[in-house]
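It should be emphasised that the depicted structure is a prediction, and the values quoted were computed from it without experimental measurement.
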Amino acid sequence: QVQLVESGGGLVQAGGSLRLSCAASGDTVCIATMNWYRQAPGKGRELVASITSGGTTDYVDAVKGRFAISRDNAKNTMYLQMNSLKPEDTAVYYCSADLATDVTMNCLYYAVAYWGKGTLVTISS
């Protein structure tokens, strides 16, 4: 299993920046893809950005050019650098990890996802 803890949320003015962190513990060597999701009040949870173990990244169109996802496997930590923040970025941001099977690493997971409890990001105008 994997435990995930988000941090770095807060209240900033539009145009400002924040860096979110997600600290992972447990079977971290079994993590294939890590993701940042967000959920605004009254809205469903949406995928914001993802990064694979090989470093491939993907972003939702609304944050392209403003957000950057990265991961430090040695530190078992994922980051989301958020620049040029807009009021519509206000949401609870969640970290998730997708675990995969890898016999060489003694990983025996199939389509298992773990979630953190979230960190609140509020952007004022």
Side-chain angles (χ1 to χ4, degrees):
Q1 65 272 15
V2 168
Q3 296 78 46
L4 303 170
V5 180
E6 303 96 336
S7 63
L11 191 155
V12 297
Q13 292 182 317
S17 298
L18 280 175
R19 190 179 77 158
L20 305 183
S21 298
C22 173
S25 60
D27 292 333
T28 57
V29 296
C30 302
I31 298 175
T33 302
M34 297 190 74
N35 315 280
W36 284 103
Y37 286 79
R38 67 185 180 186
Q39 187 167 21
K43 303 290 292 185
R45 190 171 298 184
E46 68 171 348
L47 178 63
V48 177
S50 63
I51 184 168
T52 69
S53 59
T56 301
T57 61
D58 196 19
Y59 302 89
V60 68
D61 287 344
V63 307
K64 288 181 178 177
R66 299 189 298 120
F67 291 9
I69 189 172
S70 62
R71 64 193 289 183
D72 187 334
N73 292 327
K75 295 182 173 62
N76 296 319
T77 303
M78 177 180 65
Y79 306 94
L80 184 68
Q81 179 65 47
M82 305 186 295
N83 300 320
S84 301
L85 285 163
K86 304 174 180 180
E88 50 262 44
D89 295 319
T90 295
V92 176
Y93 283 72
Y94 297 90
C95 169
S96 77
D98 302 327
L99 276 62
T101 296
D102 187 341
V103 176
T104 63
M105 300 300 296
N106 197 30
C107 300
L108 299 174
Y109 298 92
Y110 175 72
V112 176
Y114 291 87
W115 295 83
K117 294 185 179 297
T119 184
L120 178 62
V121 172
T122 303
I123 312 302
S124 64
S125 59

Check for me, please, whether [X] and [Y] land in the same ILVMFWY cluster - side-chain distances under 4.5 Å, paths through other members count.
X: Tyr79; Y: Val121; result: no
X: Val92; Y: Leu4; result: no
X: Val29; Y: Val2; result: no
X: Met82; Y: Ile123; result: yes
X: Leu99; Y: Tyr94; result: no

Does Arg38 come within less than 4.0 Å of Glu46, counting only side-chain N to carboxylate O? yes
Salt-bridge contact Asp61-Lys64 (side-chain N to carboxylate O under 4.0 Å): yes
Atom [atom1] in [X], atom [atom2] in [Y]: separation rounded to 0.5 Å?
X: Thr52; Y: Asn35; atom1: OG1; atom2: CG; answer: 10.5 Å
X: Gln1; Y: Tyr109; atom1: CD; atom2: OH; answer: 5.5 Å
X: Thr28; Y: Asn76; atom1: OG1; atom2: CG; answer: 3.5 Å
X: Ser17; Y: Arg19; atom1: OG; atom2: CZ; answer: 12.0 Å
X: Leu120; Y: Leu11; atom1: CG; atom2: CG; answer: 8.5 Å
X: Leu108; Y: Cys30; atom1: CG; atom2: SG; answer: 7.5 Å

If every non-hydrogen atom of [X] is compared with every non-hydrogen atom of [Y], which pair is closest and at what distance?
X: Ala68; Y: Tyr59; result: CA-OH, 3.3 Å
X: Leu18; Y: Gly8; result: CD2-O, 3.7 Å
X: Gly118; Y: Glu6; result: N-OE1, 2.9 Å
X: Ala40; Y: Ala91; result: N-CB, 3.8 Å
X: Ser125; Y: Pro87; result: CB-CG, 3.9 Å
X: Ser53; Y: Ile31; result: CB-O, 4.3 Å

Would Cys107 and Asp27 satisfy side chain to side chain contact (heavy atoms under 4.5 Å, CB included), going step by step from the backbone distance to the final call? CA-CA 8 Å; Cys107 300; Asp27 292 333; 6.0 Å; no
Checking side chain to side chain contact (heavy atoms under 4.5 Å, CB included) for the pair Trp36/Cys95: CA distance, chi angles, key distance, verdict? CA-CA 5 Å; Trp36 284 103; Cys95 169; 4.0 Å; yes
Can you confirm whether Asp72 is buried at CG, in the sense that more than 12 heavy atoms of other residues, nucleotides or ligands lie under 6.0 Å from that atom?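 Atom CG in Asp72 is crowded, with more than 12 foreign heavy atoms closer than 6.0 Å.
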Out of Leu20, Asn73, Ile69, which residue meets the side chain to side chain contact (heavy atoms under 4.5 Å, CB included) rule with Met78? Ile69
Tell me whether the rings of Tyr93 and Phe67 are parallel (<30°), tilted (30 to 60°) or perpendicular (>60°).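 Because their plane-to-plane angle lies in the 30° to 60° range, the rings of Tyr93 and Phe67 count as tilted.
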Geometric class of the Tyr37/Trp115 ring pair [parallel <30°, tilted 30-60°, perpendicular >60°]: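 Ring orientation of Trp115 relative to Tyr37: tilted.
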